[in-house]
Amino acid sequence: MTAELTAVALALALIGLIVFWSLKTGSPPTPTSPSVRRTMMALLPERLPGHHNGSIVELGSGWGGVAFALAKRYPLHPVIGYELSIIPWAVSRARLLVQPQANLNFRKTDFMRANLTESALVICYLMPETMVPLADRLERGLPNGALVLCNTFALPNWRALDQVNAPDMYSSPVYLYEKNSP
Ligand SMILES: C[S@@+](CC[C@H](N)C(=O)[O-])C[C@H]1O[C@@H](n2cnc3c(N)ncnc32)[C@H](O)[C@@H]1O
């Protein structure tokens, strides 16, 4: 096989893996745009809730860009990115080798199985269908007072503390919630 054919076969395999995991999770690894990321960061408080340095959890961390930004902004909080899609997960792990960040970790695990009981902040950019089981999961697993920050899709039946639209071409909404239920 020539070098060109090998490169094409490799590229197709990588694309195939990304498509496979997008179909399996129902969500392609589309990264949050810089404009929406800035809007999200601006909504977050300087200090996160809770007496201890609770974890920051990104549900579906994609290529890792948001998780890196959170880890730099909140160096005293452990940041965990959960990602099932193997290529974005591998890229974020590789990035961590090149740019070590002591409080950041990426796990190739289904976020529905994540332990959220010590979390101060959960952040996500998913699909509308995923928000329904996720709302239920957060109601059961997240401590009261924890914050939830959602890009574009709202949590059904949760009342947002704040909602702003990013200055991008879609006016993407960003929602900030506080878990507050018995
Ligand atoms: C739209 S992307 C957002 C990536 C990143 N959060 C960002 O904002 O740049 C959503 C990601 O969630 C991942 N995902 C969806 N369901 C998942 C699950 N149950 N467990 C782990 N990752 C999941 C997908 O693989 C995809 O990479």
A.B. asks: Rounded at 0.5 Å granularity, tell me how far CD1 in Ile18 sits from CD1 in Ile87.
C.D. replies: 6.0 Å

A.B. asks: For Ile15, give me all partners under side chain to side chain contact (heavy atoms under 4.5 Å, CB included), at least two apart in sequence or on another chain.
C.D. replies: Val19

A.B. asks: How is the hydrophobic cluster of Met169 composed, in terms of its other members, when Ile, Leu, Val, Met, Phe, Trp and Tyr link through side-chain heavy atoms under 4.5 Å apart, directly or indirectly?
C.D. replies: Tyr170

A.B. asks: Applying side chain to side chain donor-acceptor pair (under 3.5 Å), name anything that partners Asp110, two or more places apart in sequence or on another chain.
C.D. replies: none

A.B. asks: Distance from Leu116 atom CG to Leu59 atom CG, nearest 0.5 Å?
C.D. replies: 6.5 Å

A.B. asks: Report yes if the side chains of Lys179 and Pro143 come closer than 4.5 Å at any heavy-atom pair, otherwise no.
C.D. replies: no

A.B. asks: Tell me every residue that passes side chain to side chain donor-acceptor pair (under 3.5 Å) with Gln101, counting only those two or more places apart in sequence or in another chain.
C.D. replies: Asn103

A.B. asks: Between Ile56 and Met40, is there shared hydrophobic-cluster membership here, with clusters defined by ILVMFWY side-chain heavy atoms closer than 4.5 Å?
C.D. replies: yes

A.B. asks: Look at the side-chain heavy atoms of Ile, Leu, Val, Met, Phe, Trp and Tyr, link any pair under 4.5 Å apart, and say whether Leu121 and Val66 land in one connected group.
C.D. replies: yes

A.B. asks: Hey, could you give me the CG/CG distance between Leu138 and Leu155, rounded to the nearest 0.5 Å?
C.D. replies: 6.0 Å

A.B. asks: Taking atom CD1 as the centre, does Ile86 end up with more than 12 heavy-atom neighbours from other residues, nucleotides or ligands that are less than 6.0 angstrom away?
C.D. replies: no

A.B. asks: Can you measure from CG (Asn105) to OG (Ser61) and round to the nearest 0.5 angstrom?
C.D. replies: 10.0 Å

A.B. asks: Applying a strict under-4.5 Å side-chain criterion to I, L, V, M, F, W and Y, I'd like to know whether Tyr175 and Leu149 cluster together.
C.D. replies: no

A.B. asks: Can you hop from Leu14 to Val91 via hydrophobic side chains spaced under 4.5 Å?
C.D. replies: yes

A.B. asks: Side chains of Phe111 and Leu126: closer than 4.5 Å at any heavy-atom pair?
C.D. replies: yes

A.B. asks: With sequence neighbours left out, write down each residue that passes side chain to side chain contact (heavy atoms under 4.5 Å, CB included) with Ala67, or none if nothing qualifies.
C.D. replies: Glu58, Val79, Leu104, Phe106

A.B. asks: Residues in ring pair (Phe, Tyr, Trp, His ring centres under 6.0 Å) with Tyr177, at least two apart?
C.D. replies: Trp158

A.B. asks: Pairs in or reaching into residues 117-137: which pass salt bridge (charged side-chain N to carboxylate O under 4.0 Å, His left out), with residues at least two apart or in two chains?
C.D. replies: Asp136-Arg140

A.B. asks: Which heavy atom of Ala120 sits nearest to which heavy atom of Pro49, and what is that distance?
C.D. replies: CB-O, 3.6 Å

A.B. asks: According to side chain to side chain donor-acceptor pair (under 3.5 Å), who are the partners of Thr117, at least two apart in sequence or on a separate chain?
C.D. replies: Asn115

A.B. asks: Mind jotting down which residue pairs meet the side-chain hydrogen bond (donor to acceptor under 3.5 Å, both in side chains) criterion with at least one end in residues 36-46? Sequence neighbours excluded, please.
C.D. replies: none

A.B. asks: Does any N or O in the side chain of Asn165 come within less than 3.5 Å of the main-chain N or O of Ser171, such that one atom is a donor and the other an acceptor?
C.D. replies: yes

A.B. asks: State plainly whether one hydrophobic cluster holds both Leu142 and Ile123, where clusters connect Ile, Leu, Val, Met, Phe, Trp and Tyr through side-chain heavy atoms under 4.5 angstrom apart.
C.D. replies: no

A.B. asks: Shortest non-hydrogen contact from Leu84 to Thr109?
C.D. replies: CD2-C, 3.8 Å

A.B. asks: Decide yes or no for Leu43 and Gln163: does some side-chain heavy atom of the first lie under 4.5 Å from some side-chain heavy atom of the second?
C.D. replies: no

A.B. asks: Closest approach of Asn53 and Leu76, non-hydrogen atoms and distance?
C.D. replies: CB-O, 3.2 Å

A.B. asks: Given a cutoff of under 4.5 Å between side-chain heavy atoms of I, L, V, M, F, W and Y, with clusters grown through shared members, what are the other residues clustered with Val132?
C.D. replies: none

A.B. asks: Donor-acceptor pairs under 3.5 Å, side chain of residues 23-30 to any protein atom, not counting sequence neighbours: which ones?
C.D. replies:
residue	atom	partner	partner atom	Å
Thr25	OG1	Trp21	O	3.0
Thr25	OG1	Ser27	N	3.2
Thr25	OG1	Ser27	O	3.2

A.B. asks: Is there a side-chain contact between Cys124 and Thr130 (heavy atoms, below 4.5 Å)?
C.D. replies: no

A.B. asks: Once you round to the nearest 0.5 Å, how far does OG1 of Thr32 lie from CG of Asp168?
C.D. replies: 10.5 Å

A.B. asks: Under the side-chain hydrogen bond (donor to acceptor under 3.5 Å, both in side chains) rule, what pairs show up with a residue in residues 72-100, not counting sequence neighbours?
C.D. replies: Tyr82-Arg107, Arg95-Gln99

A.B. asks: Quick one, Thr6 and Leu10 - any side-chain contact, counting heavy atoms below 4.5 Å?
C.D. replies: no

